Number of protein chains: 2
Amino acid sequence: MVASVNSRRRSRDDVAGMALHLLDEYGLPDLTMRHLATALGVQPSALYWHFPNKQALLAAVSERILAPMAEVSGDGTSMHDAVRAVGTRMRECLLAHRDASELVSSSLALGLVSSPVRPRLLAAARLHGVPDALAEVAAEAVMHFVVGFTFHEQQRLAADQLGLLPETAASNLGEARAGSPADADFAEALTMIAHGLEVSIAQHRDVQKTRRDELSRTAG
Amino acid sequence: MVASVNSRRRSRDDVAGMALHLLDEYGLPDLTMRHLATALGVQPSALYWHFPNKQALLAAVSERILAPMAEVSGDGTSMHDAVRAVGTRMRECLLAHRDASELVSSSLALGLVSSPVRPRLLAAARLHGVPDALAEVAAEAVMHFVVGFTFHEQQRLAADQLGLLPETAASNLGEARAGSPADADFAEALTMIAHGLEVSIAQHRDVQKTRRDELSRTAG
DNA sequence: ACCTGAACACCGTTCAAGT
DNA sequence: ACCTGAACACCGTTCAAGT
């Protein structure tokens with residue numbers, strides 16, 4: 001059923017690629033070393049030549065899922081926009097693959113994959129003269145919110161697809177449509193976090209200014 | 001090694017209680033139906049009289065972990081304080097038990113346990129005349145941030161305990177000390193979210209006022 | 001009402017040995 | 001360098017049968 005069961009040797013990338021394919025097709029619970037090996041036309045033990053263990057394999061898959069994050073940068077008009085752009089993009093990455101948020105959440109928590117939010121928010125901060133420390137705090141808030149929100153969202157989607165809902169039904173179409181209510185909730189909460197960052201920046205500037213004033217007063 | 005292997009019948013609560021005990025003692029990966037049964041002096045299949053499956057059992061454990069949330073209420077001086085109080089309390093609940101955030105995260109995502117943040121923030125909102133919708137959005141942001149942050153924090157702790165760190169070492173003592181750097185990061189990010197809520201509230205009030213003004217203008 | 005015994009259908013991982 | 005074959009030490013869950 002799945003292609004490439006011929007006798008050619010597999011590369012590390014082939015393995016990760018097939019794993020991502022199986023993830024989309026059958027979901028995380030069925031992404032087992034044994035199924036993956038079968039799909040590649042190989043014995044399960046063969047996978048351990050390419051990856052030391054399953055978690056390492058899943059980390060490689062996580063990196064593929066987050067790859068499109070490279071395309072977004074915080075070069076917007078403000079930190080506010082950067083937070084929204086990066087957060088929105090990350091949710092898109094996670095929604096693009098089945099069970100991706102659960103997978104990425106664990107890779108991130110285990111430290112096997114680095115935050116895709118942090119470097120982009122740091123870059124934006126430097127562009128706008130905002131201290132790194134504030135960007136780091138915002139990056140944590142954004143990343144955890146996005147992963148948590150999308151995890152919740154995706155788990156509900158998976159439950160729906162198993163036909164566990166009573167009335168409203170699976171809202172048809174596996175793909176999340178553009179105007180979903182979750183979209184609005186997500187956007188609102190993300191905006192709230194962005195607002196919080198702006199307040200923190202303003203407070204920081206106030207403190208700086210007060211310090212300067214005191215300094216010039218004692219000096220003058 | 002673990003008590004209560006006598007012949008008395010077990011209640012649902014006994015099972016959940018022992019599960020929480022095993023969680024603290026051996027961690028989530030070793031919290032298996034078989035280990036739990038052994039600790040209770042019972043066959044694995046016996047557990048399925050008390051719970052339909054493992055996830056339901058884990059949901060019961062999650063509820064025990066979150067039980068202390070009942071003690072906190074949003075009756076502080078402001079919404080800002082309510083957000084901080086509830087968020088801080090939730091993190092304390094999760095840090096009080098090994099691997100608790102991973103466990104609770106999945107129960108929450110599966111919808112087997114309801115948000116402990118939502119009702120408390122809603123209560124606070126009513127007290128302060130803030131619309132429910134804003135409290136709901138804030139509740140989502142706070143909950144996901146807290147769970148995500150603490151998940152990350154706890155996973156690092158678990159890794160440390162397995163002696164996987166090179167230098168700084170496991171910062172001794174399994175218990176998280178009061179002055180940990182994670183505490184400060186957490187507090188800062190939570191404050192940022194609280195600030196964001198305040199901005200959203202202010203914006204809402206502005207919109208309301210503008211509407212009232214326009215109304216009285218067209219009416220007068 | 002609560003539990004046993006036995007089975008079913010799986011897992012991830014290791015490791016000597018092959019090519 | 002890359003993979004096979006076979007095993008090890010596990011899982012969650014079901015279900016007839018017992019008391």
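Keep in mind the model is a prediction, meaning the values are calculated, not measured. Numbered from 1 within each chain, the chains take letters A, B, ... in sequence-line order.
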The dot-bracket string of DNA chain D, counting Watson-Crick and G-U wobble pairs with both distances under 3.5 Å, using [ ] for crossing pairs and | for pairs to another strand, is ||.|||||...|||||.||
Next item on the list: Using modelled atom types only, decide if a donor and an acceptor are shared between the side chain of B:Asp14 and the backbone of B:Ser11 within a distance under 3.5 Å.
Entry: yes
When rounded to whole Å, the CE to C1' distance for the pair A:Met33 and C:dC10 reads 16 Å
Sorted by chain and number, sequence neighbours left out, ring pair (Phe, Tyr, Trp, His ring centres under 6.0 Å) with B:Phe186 holds for B:Phe145, B:Phe149
Sorted by position of nearest nucleotide on DNA chain D, 5' first, the leading residue of B:Asn53 and A:His50 is A:His50
Item to check | Backbone of B:Asp13 reached by a side-chain donor or acceptor of B:Arg64 within 3.5 Å | outcome: yes
- Task: Please report the C-alpha distance between A:Leu108 and A:Met143 in whole Å, then the side-chain angles of each, then the deciding distance to 0.1 Å, and finally whether the side-chain contact (heavy atoms from CB on, under 4.5 Å) criterion is met.
- Result: CA-CA 10 Å; A:Leu108 240 20; A:Met143 188 188 82; 4.0 Å; yes
Margin query: A:His80 vs A:His195, test: ring-ring contact (aromatic ring centres under 6.0 Å, His included). Steps then yes/no.
Written below: CA-CA 7 Å; A:His80 188 272; A:His195 280 149; 5.1 Å; yes
Checklist line | Side chain proximity check, A:Ile201 to A:Met79, heavy atoms < 4.5 angstrom | finding: yes
To the nearest angstrom, the CG-C1' distance between B:Leu36 and D:dC10 comes to 17 Å
Within residues 55-65 of chain A, those residues having any heavy atom closer than 4.0 Å to DNA chain C are none
Taken to the nearest whole Å, CZ/A:Arg10 to P/D:dA1 is 19 Å
From CG of A:Asp30 across to P of C:dC11 the rounded distance in Å is 8 Å
Using atom names, set out every protein N or O paired with an N or O of nucleotides 16-19 of chain D below 3.5 Å, distance rounded to 0.1 Å.
none

Rounded to whole Å, OH of B:Tyr26 lies from P of D:dC10 at a distance of 15 Å
Of the listed D:dC2, C:dG12, D:dC15, the closest approach to the A:Trp49 side chain comes from D:dC2
So the side chain to side chain donor-acceptor pair (under 3.5 Å) pairs with at least one residue in residues 96-109 of chain B (sequence neighbours excluded) are B:Asp24-B:His97, B:Ser62-B:Ser107, B:Ser101-B:Gln154
Heavy atoms, side chains only, cut-off 4.5 Å: are B:Met33 and B:Tyr48 in contact?
yes
| said: Does a side-chain N or O of A:Gln43 approach OP1 or OP2 of D:dG5 to a distance below 4.0 Å, or not? | reply: yes
Query raised in the report: OP1, OP2 of C:dC11 versus side-chain N and O of A:His35: anything below 4.0 Å?
Result: yes
Residue set satisfying side chain to side chain contact (heavy atoms under 4.5 Å, CB included) with B:Glu63, at least two apart, ordered chain then number -> B:Val113
Whole-Å distance, A:Leu28 CG to C:dG12 P, equals 11 Å
Would you indicate what A:Thr32 reaches in the nucleic acid, counting non-hydrogen atoms under 4.0 angstrom: base, sugar-phosphate, or nothing? sugar-phosphate
Of B:Val104, B:Leu94, B:Leu157, the one forming a side-chain contact (heavy atoms from CB on, under 4.5 Å) with B:Thr150 is B:Leu94
When B:Leu31 and B:Ala46 are each assigned the nearest nucleotide of DNA chain D, the 5'-most assignment goes to B:Leu31
Check your understanding: Hey, does B:His152 have a side-chain heavy atom less than 4.5 Å from the side chain of B:Gln155?
Key -> no
Ranking D:dT13, C:dT4, C:dC15 by distance to the side chain of B:Tyr48, first place goes to D:dT13
Q) Does the B:Arg120 side chain pair with the main chain of B:Met69, one donor and one acceptor, at a distance under 3.5 Å? A) yes
Measuring only the P atom in each nucleotide, how far is C:dA9 from D:dC10? A whole number of Å is fine.
22 Å
Atom CZ of A:Phe51 and atom P of D:dC3 are separated, to the nearest Å, by 12 Å
Of the candidates D:dG5, C:dC3, C:dC11, the side chain of A:Ser45 sits closest to D:dG5
When rounded to whole Å, the CG to P distance for the pair A:Leu47 and C:dT14 reads 13 Å
